[in-house]
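The structure appears right after this line, and notes come after that.
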Amino acid sequence: MFISPALAQTVDAAAGTSANSLSSMAIQFVLIILVCYFILIRPQQKRYKKHEAELNAIVKGVKVNVGGIIGKVVKVEPLELTVEIADGVEITVLRPYVTQVLFNEDELLGKDKK
């Protein structure tokens, strides 16, 4: 009754913009989740799977890096590896603690094989 038409129109317009802002916020949230997945989570999963495959492919004679110590695998067991780090010096390490599997000398020197 005593409400002017101009005031009534601004209330309707404000209600419409809040619905638009809510949907745009939801879209932005979904986009942020997707970007985080493709930039952070997916590459980490790939690295983990590759490392897991390398650990399962360890055989006798392969060089491995265990906490900065590089040695040649002498004995392979399901959970443990015996690594020769010098002539006559062997250590036993747990397989999950192998940080890097060096299949050839280029990997040891940090060169990429193309």
Side-chain angles (χ1 to χ4, degrees):
M1 295 182 157
F2 297 108
I3 299 175
S4 69
L7 183 59
Q9 288 176 355
T10 58
V11 170
D12 290 337
T17 58
S18 68
N20 288 341
S21 67
L22 184 62
S23 65
S24 67
M25 255 178 37
I27 291 171
Q28 289 174 356
F29 183 71
V30 168
L31 288 175
I32 288 172
I33 296 289
L34 286 174
V35 166
C36 287
Y37 174 76
F38 283 108
I39 290 179
L40 300 173
I41 299 169
R42 191 165 180 248
Q44 184 64 28
Q45 287 177 343
K46 281 186 171 185
R47 255 184 257 121
Y48 175 75
K49 286 180 183 178
K50 180 184 175 195
H51 183 67
E52 200 64 30
E54 286 178 350
L55 289 180
N56 291 332
I58 294 176
V59 291
K60 186 176 175 181
V62 172
K63 285 190 175 185
V64 293
N65 179 357
V66 183
I69 300 172
I70 297 174
K72 189 163 112 178
V73 177
V74 178
K75 184 178 174 186
V76 179
E77 295 177 11
L79 188 59
E80 297 176 347
L81 302 171
T82 303
V83 179
E84 182 179 30
I85 57 175
D87 291 333
V89 180
E90 294 179 354
I91 59 173
T92 303
V93 296
L94 295 173
R95 191 181 287 253
Y97 290 99
V98 173
T99 52
Q100 188 178 17
V101 181
L102 308 168
F103 290 108
N104 57 34
E105 293 297 321
D106 290 337
E107 291 178 6
L108 180 61
L109 299 174
K111 297 178 183 175
D112 290 332
K113 194 174 184 181
K114 294 181 181 177

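Everything numeric here is computed off the predicted structure, so don't read it as measured data.
- Within the structure, every pair that satisfies the side chain to side chain donor-acceptor pair (under 3.5 Å) test and touches residues 35-46, not counting sequence neighbours, is listed here: Q44-R47.
- Closest approach of N56 and R95 over heavy atoms only: CA-NH1, 4.1 Å.
- The line from CG of L94 to CD of E77 is 10.5 Å long, rounded to the nearest 0.5 Å.
- For the atom pair NZ (K75) and CD (E80), the distance works out to 8.5 Å, reported to the nearest 0.5 Å.
- A pairwise comparison of heavy atoms in V76 and V59 identifies CG2-C, 3.8 Å as the closest pair.
- The structure places NZ of K63 at 10.5 Å from CD of E84, a figure rounded to the nearest 0.5 Å.
- Considering every non-hydrogen atom in both T82 and E90, the closest pair reads CG2-OE1, 3.6 Å.
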N/O donor-acceptor pairs under 3.5 Å from side chains in residues 22-34, not counting sequence neighbours:
from	atom 1	to	atom 2	distance (Å)
S23	OG	A19	O	3.4
S23	OG	N20	O	2.9
S24	OG	N20	O	3.3
S24	OG	S21	O	2.9

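- The minimum heavy-atom distance linking G67 with T99 is given by the pair N-OG1, 3.9 Å.
- One finds the CG atom of L81 at 13.0 Å from the NZ atom of K60 (value rounded to the nearest 0.5 Å).
- Residues satisfying the side chain to side chain donor-acceptor pair (under 3.5 Å) test with K72, not counting sequence neighbours, are none.
- Using a 4.5 Å cut-off between side-chain heavy atoms of Ile, Leu, Val, Met, Phe, Trp and Tyr, with links allowed through other members, V74 and Y97 fall into different hydrophobic clusters.
- Atom CD1 of I70 sits about 11.5 Å away from atom CD1 of I85, to the nearest 0.5 Å.
- Note on I58 and L79: separate hydrophobic clusters, where clusters join Ile, Leu, Val, Met, Phe, Trp and Tyr whose side-chain heavy atoms are under 4.5 Å apart, directly or indirectly.
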